[in-house]
Amino acid sequence: MNIILLGPPGAGKGTQAKYLISAFGLKQLSTGDMLRAAIEEGSDLGKQVQLIVDSGNLVPDNIMIEMITTRITRTDCKGGFILDGFPRTVLQAETLTEVLSQKKIKIDHVIALDVKLSSLLDRIRNRALETAQEQRRQDDDEETLKHRLNVYKEQTEPILPYYEKLGLLKTIDGMLAPDEVSKEINDVLAE
Ligand code: AMP
């Protein structure tokens, strides 16, 4: 089973991905984690994307598409994967559809976590408070977060109608408690 998790920063995608890993043994592919790892390593890619990631802007589509298509065809994804943080633009979504169809890989569900944007600032503030200073993300400060939410609205939200048209989109109330969100996701997957 292959799943795409969509939702703004702080919607709970990471938490739900963890649930899906333990419940279904899926492989989580978080493009944000991959980029942060590259930055940490100081690789060429890391150097190229650091300023963009820290500022809360989107890394160019060609870089992201290359990164995810290489990753998704590795053998550890054969048992199913969760895309967390990709796609983030309509072009990424369209290219993903093409690449996967060439490789005869199917997306089974696109799950969107619907949350009030006004509550996300609180969630991210809490996430920052609960995280040790040295592990805190550069892009979790208030100004950058507001920018990331705008970027989400402008560039990522238009993906929702794209997947709706493909008949893959299921929207879940992300304002519920994490356990309840997991239960709702379970119900969608069992349909
Ligand atoms: P995340 O951990 O998913 O919130 O991603 C953190 C940051 O990584 C984002 O704010 C972007 O700068 C970058 N990023 C992650 N995934 C993508 C993507 N699919 N397209 C463009 N930029 C991305």
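FYI, side chains are in, hydrogens and waters are out, and symmetry mates aren't considered; it's all heavy atoms of this structure. Whatever order the structure lists them in is the order used to number ligands and atoms, beginning at 1. The shown structure was predicted, so the numbers you read here are calculated from the model rather than taken from an experiment.
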- Task: Hey, could you give me each pair passing side chain to side chain donor-acceptor pair (under 3.5 Å) that has a residue in residues 66-77? Not counting sequence neighbours.
- Result: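 Side chain to side chain donor-acceptor pair (under 3.5 Å) check on residues 66-77 returns Arg71-Asp76.
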
- Going by the atom numbers of ligand 1, which of them fall below 4.0 Å from some non-hydrogen atom of Arg148?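 Ligand 1 atoms under the 4.0 Å threshold to Arg148: 4 (O).
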
- Pull out every atom of ligand 1 sitting under 4.0 Å from any heavy atom of Met64, numbered as shown with elements.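 Checking each atom against Met64, I get 16 (N), 17 (C), 18 (C), 19 (N), 20 (N), 21 (C).
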
- Under 3.5 Å, is there a donor-acceptor pair between the Tyr19 and Asp179 side chains?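 Distance-only check fails for Tyr19 and Asp179.
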
- Do we see a donor-acceptor contact under 3.5 Å between the side chains of Asn2 and His109?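 Looking only at side-chain atoms, His109 and Asn2 do not form any donor-acceptor pair under 3.5 Å.
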
- Message: On a heavy-atom basis, which atom in Asn186 and which in Phe24 lie closest, and how many Å separate them?
- Response: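 Answer, listing the atom of Asn186 first, then Phe24: OD1-CZ, 3.4 Å.
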
- Message: Restricting to non-hydrogen atoms, name the atom on Tyr152 and the atom on Pro9 that form the minimum distance, rounded to 0.1 Å.
- Response: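 Smallest heavy-atom distance, with atoms named: CB-CD, 4.2 Å.
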
Do me a favour and list the nearest non-hydrogen protein atom to [atom] with residue, atom name and distance?
{"atom": "atom 16 (N) of ligand 1", "value": "Thr31 OG1, 2.8 Å"}
{"atom": "atom 22 (N) of ligand 1", "value": "Val59 N, 3.1 Å"}
{"atom": "atom 7 (C) of ligand 1", "value": "Val53 CG1, 3.9 Å"}
{"atom": "atom 20 (N) of ligand 1", "value": "Gln92 NE2, 2.9 Å"}

Based purely on interatomic distance, does [X] place a nitrogen or oxygen under 3.5 Å from a nitrogen or oxygen of ligand 1?
{"X": "Gly85", "answer": "yes"}
{"X": "Asp33", "answer": "no"}
{"X": "Arg88", "answer": "yes"}
{"X": "Asn57", "answer": "yes"}
{"X": "Phe86", "answer": "no"}

- Query: At a non-hydrogen distance cut-off of under 4.0 Å, which region of Lys13 contacts ligand 1 (side chain, backbone, both, or neither)?
  - Reply: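 Neither part.
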
- Backbone, side chain, both or neither: what part of Leu35 comes under 4.0 angstrom of ligand 1, heavy atoms only?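 Side chain only.
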
- May I ask you to test the Leu6-Tyr163 pair for a side-chain heavy-atom distance under 4.5 Å?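 The answer is yes, as the side chains (C-beta and beyond) meet within the 4.5 Å cut-off.
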
- Test item, Arg36 contacting ligand 1 (heavy atom, 4.0 angstrom):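 Heavy atoms of Arg36 do come under 4.0 Å of ligand 1.
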
- Going through the checks in order, is the salt bridge (Lys or Arg N to Asp or Glu O under 4.0 Å) test met by Glu191 and Lys170? CA-CA 11 Å; Glu191 271 168 21; Lys170 297 281 161 39; 3.7 Å; yes

- Task: Apply side chain to side chain contact (heavy atoms under 4.5 Å, CB included) to Gln155 and Leu58, showing your working.
- Result: CA-CA 9 Å; Gln155 301 192 58; Leu58 294 186; 3.6 Å; yes

- Message: Looking at Glu143 and Lys146, is any side-chain nitrogen of the basic one under 4.0 Å from a carboxylate oxygen of the acidic one?
- Response: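 Counted as a salt bridge, because a side-chain N and a carboxylate O are separated by less than 4.0 Å.
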
